[in-house]
**Student:** 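The structure that follows is given in the form of structure tokens.
Each residue takes its place number in the sequence, starting with 1. From a predicted model like this one, the values you see are computed outputs, not experimental measurements.
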Amino acid sequence: MASTLAHEEGPQGHATHDVTNQPPALAPYDASDDTALLEGLRREGAGWAEEGLRRLGLRAGSAEAQEWGELANRYEPELRTHDRYGNRIDEVEFHPSWHHLMRVAVTEGLAATPWAEDRPGAHVARTAGGLVWGHTEAGHGCPTSMTYAAVPALRRQPELAKVYEPLLTSREYDPGLRVPTEKRGLLAGMGMTEKQGGSDVRTNTTTATPSAEPCVYTLRGHKWFTSAPMCDVFLVLAQAPDGLSCFLVPRVLPDGTRNTFRIQRLKDKLGNRSNASSEPEFDGTVAWLVGPEGQGVKTIIEMVNCTRLDCVMMSATLMRQTLVQAGHHTRHRSAFGARLVDQPLMRNVLADLALESEAATTLTLRLAGAADRAVRGDAGEAAFRRIATAVGKYWVTKRGPAFTAEALECLGGNGYVEESGMPRHYREAPLLSIWEGSGNVNALDVLRALRRDPGTADALFAELALSQGADARLDAAVNRLRDALSEGSEAGARRLVERMALTLQASLLVRHAPSAVADAFCASRLGGDWGHAFGTLSDAADLDAILRRALVSGN
């Protein structure tokens, strides 16, 4: 009887069987253990941030932080339109884990902090931090991204920037609705789209009526998709007398009263469920003009560049995080007489995923480097950033869903259950292609940039010229791309942008990655020696070298 009880009560024992051939928990692990990430950090001018990034990587991969991510998504935010006495409050309650995640993100400078730092590479360091801390969960990256993006738009109105920018760039997470200037740190949101137009913001119907006080207006209308409604201030588009304009809307007014910001409901979304996305209505809502009347789109364009970069970053993060999980599972799981990771076909799948992940990470950091140098006045980098960010937003976010599905499949049935975390990542992936302009919007934006500013094409080809002569397949792809630009049509915009993305990624890998990585990428993505799904690299690809570089050590 004693032996039976010992068998039943053992840590991996059951009455009918012992648990074998299952991987141990992944956490704790080091989310910064990514050679391509660390090399890119140094190359793009932020090597000084490596020590802090490695510290953040250990925290992101800790069991505690991973649990925060899981709990923040299990216990979703709840809308409270009224308090117990019937007063309208329009507040959203979050699980404590959300606040833990937010506090680390803001403290680590992943919101707007780089705008307050003069050190070259500050924007690169922030992006690298997002690539690491994003291993916890994606939803809380929305308010930090919007806060980061709000600063350059707010600078169009220096009087407002003087008041709010020091609080937006703070490393203090101070939740709760209070007078903004009485808080230690602020978060910013955005209210752009409406029911009737979506991405076509020029069709917005929200009206802005001037008051007797200069630059102060009252808004009336609605917004269709306003995320993180518990932010302190929002940048909102509305129709002023001289046309579509940008406004700053605080949740709490300077006298301590609540501004009218009626949250009608929270969205029931496919993914990103830890983050509240709302439908607010404005009715006599007080707002301050940001930039000149009639120049709302021009005012927010810099903001869009920032949030699109963050979409690329988070897609690359999802790729890396799910690759880490797939690698961990296959190293510890055996089938048909061998570990999965040792089986040739699985190695092909993992290596193909590793190529895609490294290409996404390398491009993300190159875009961050361009953003950092553009902010500091480099005109060539600004032109490159203008077109390459839209290209990267289109392509990397498009690859995310297929990538996460394949990584999930590496776990088999284990990956299909919620406990693995993989379904959450899979649901998250399509979001990044939709937000900040869907695939069509970004592809057409590339065409618009090429037609309105020929300097963007010059900047792109100047970048590609840095790898000229290093790989014949890449040289041929650059020549094809040059020919395609002269024939670009609206109907063919996706095909053109895809070529641009693959050629740019190949150029970066040829210059900066080991030959095994660059050769396999060029052979498959440019040379046509590839199938239509991941795991179809040719027999000539050096799978061992690719996987040694990509898989997290110690797993």
Side-chain angles (χ1 to χ4, degrees), residues 34-46 123-128 130-132 134 305-321 323 352-374 381 383-400 402-403 429 432-433 436 439 442-443 445-446 449 456 459-467 470-471 474 477-478 481 496-514 517-518 520-522 524-526 549-550:
D34 180 355
T35 303
L37 167 65
L38 296 175
E39 289 178 352
L41 179 78
R42 301 168 196 140
R43 186 170 58 246
E44 298 298 338
H123 296 268
V124 177
R126 175 194 174 269
T127 298
L131 286 164
V132 167
N305 281 330
C306 294
T307 51
R308 284 180 175 175
L309 171 58
D310 279 5
C311 286
V312 181
M313 173 191 74
M314 189 50 68
S315 287
T317 304
L318 279 172
M319 290 182 187
R320 179 62 188 172
Q321 211 276 344
L323 174 63
D352 211 352
L353 292 174
L355 292 179
E356 195 75 28
S357 176
E358 178 156 353
T361 297
T362 303
L363 177 57
T364 299
L365 291 168
R366 176 64 184 94
L367 296 176
D372 194 86
R373 291 182 280 276
E381 287 290 88
F384 174 76
R385 176 200 187 195
R386 169 67 184 91
I387 192 167
T389 300
V391 168
K393 166 65 168 72
Y394 171 80
W395 182 243
V396 175
T397 62
K398 275 275 179 256
R399 299 297 289 157
F403 187 105
L432 298 159
S433 181
E436 306 310 325
N442 277 269
D445 189 41
V446 172
T456 58
L460 177 64
F461 281 105
E463 177 79 12
L464 297 176
L466 298 175
S467 58
D471 188 286
L474 176 56
V478 173
L481 178 60
L496 173 64
V497 177
E498 178 178 318
R499 285 183 176 181
M500 295 171 76
L502 291 173
T503 306
L504 178 56
Q505 286 183 320
S507 174
L508 291 168
L509 294 180
V510 163
R511 281 184 279 151
H512 305 306
V517 172
F521 190 91
C522 289
S524 55
R525 275 66 169 175
L526 300 182
R549 178 176 173 82

**Student:** Any heavy-atom pair between the side chains of Leu481 and Leu464 that's under 4.5 Å?
**Tutor:**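 Side-chain contact under 4.5 Å: yes.
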
**Student:** Of all heavy-atom pairs between Thr362 and Ala36, which one has the smallest distance, and what is that distance?
**Tutor:**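 Taking Thr362 first and Ala36 second, the nearest heavy atoms are OG1-CB, 4.5 Å.
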
**Student:** How close do Thr317 and Gly134 get, heavy atom to heavy atom, and via which atoms?
**Tutor:**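 Taking every non-hydrogen atom into account, CG2-C, 3.5 Å.
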
**Student:** Could you state the interatomic distance from CZ (Arg399) to CG (Leu432), rounded to the nearest 0.5 Å?
**Tutor:**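 Between atom CZ of Arg399 and atom CG of Leu432 there are 15.0 Å.
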
**Student:** Side-chain contact test, heavy atoms from C-beta onward, threshold under 4.5 Å: evaluate it for Asp372 versus Arg385 and give yes or no.
**Tutor:**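 No, side chains not in contact.
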
**Student:** Please report the closest heavy-atom contact between Thr456 and Ala449, naming both atoms and the distance.
**Tutor:**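 Where Thr456 meets Ala449 most closely, the heavy atoms are OG1-O, 3.4 Å.
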
**Student:** Are Val396 and Gln505 side-chain neighbours, meaning at least one heavy-atom pair lies under 4.5 Å?
**Tutor:** yes

**Student:** If you round to the nearest 0.5 Å, how far is CG of Leu318 from CG of Leu323?
**Tutor:** 12.0 Å

**Student:** If you compare all heavy atoms of Leu363 against all heavy atoms of Gly392, which two are closest, and at what distance to 0.1 Å?
**Tutor:** CD2-CA, 4.0 Å

**Student:** Nearest heavy-atom pair of Val510 and Ser467: which atoms, and what distance?
**Tutor:**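 Scanning both residues, the minimum pair turns out to be CG1-CB, 4.3 Å.
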
**Student:** Using 0.5 Å steps for rounding, measure from the CG atom of Leu502 to the OG atom of Ser507.
**Tutor:**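 Between atom CG of Leu502 and atom OG of Ser507 there are 12.5 Å.
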
**Student:** So, Arg308 versus Asn442: side-chain donor-acceptor pair below 3.5 Å or not?
**Tutor:** yes

**Student:** Go through the steps to decide whether Leu508 and Phe521 satisfy the test side chain to side chain contact (heavy atoms under 4.5 Å, CB included), and finish with yes or no.
**Tutor:** CA-CA 11 Å; Leu508 291 168; Phe521 190 91; over 6 Å; no

**Student:** Is any side-chain heavy atom of His123 closer than 4.5 Å to one of Arg373?
**Tutor:** no

**Student:** Measure the OG-CZ distance between Ser357 and Arg320 for me, rounded to the nearest 0.5 Å.
**Tutor:**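 CZ of Arg320 is found 5.5 Å from OG of Ser357.
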
**Student:** Any non-hydrogen side-chain atom of Arg43 less than 4.5 Å from a side-chain atom of Leu365?
**Tutor:** no

**Student:** Specify the closest pair of heavy atoms between Leu509 and Ala359, including all atoms of both residues, with the distance to one decimal.
**Tutor:** CD1-CB, 4.0 Å

**Student:** Are the side chains of Arg511 and Glu463 in contact, using a 4.5 Å heavy-atom criterion?
**Tutor:** yes

**Student:** Does the side chain of Trp395 reach to within under 4.5 Å of the side chain of Val497, using non-hydrogen atoms?
**Tutor:**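 No, too far: nothing below the 4.5 Å cut-off.
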
**Student:** Between Arg549 and Glu358, is the closest basic N to carboxylate O distance under 4.0 Å?
**Tutor:**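 Yes, charged N to carboxylate O under 4.0 Å.
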
**Student:** Rounded to the nearest 0.5 Å, what separates atom CG in Leu460 from atom CZ in Arg386?
**Tutor:** 13.0 Å

**Student:** In terms of side-chain geometry, is the basic nitrogen of Glu436 or Lys393 positioned less than 4.0 Å from the acidic oxygen of its partner?
**Tutor:** no

**Student:** Hey, what do you get for CD (Glu356) to CG (Asp352), rounding to the nearest 0.5 Å?
**Tutor:**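 Going from the CD atom of Glu356 to the CG atom of Asp352 covers 7.5 Å.
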
**Student:** Are the side chains of Thr127 and Leu309 in contact, using a 4.5 Å heavy-atom criterion?
**Tutor:**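 Of all side-chain heavy-atom pairs linking Thr127 with Leu309, at least one is under 4.5 Å.
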
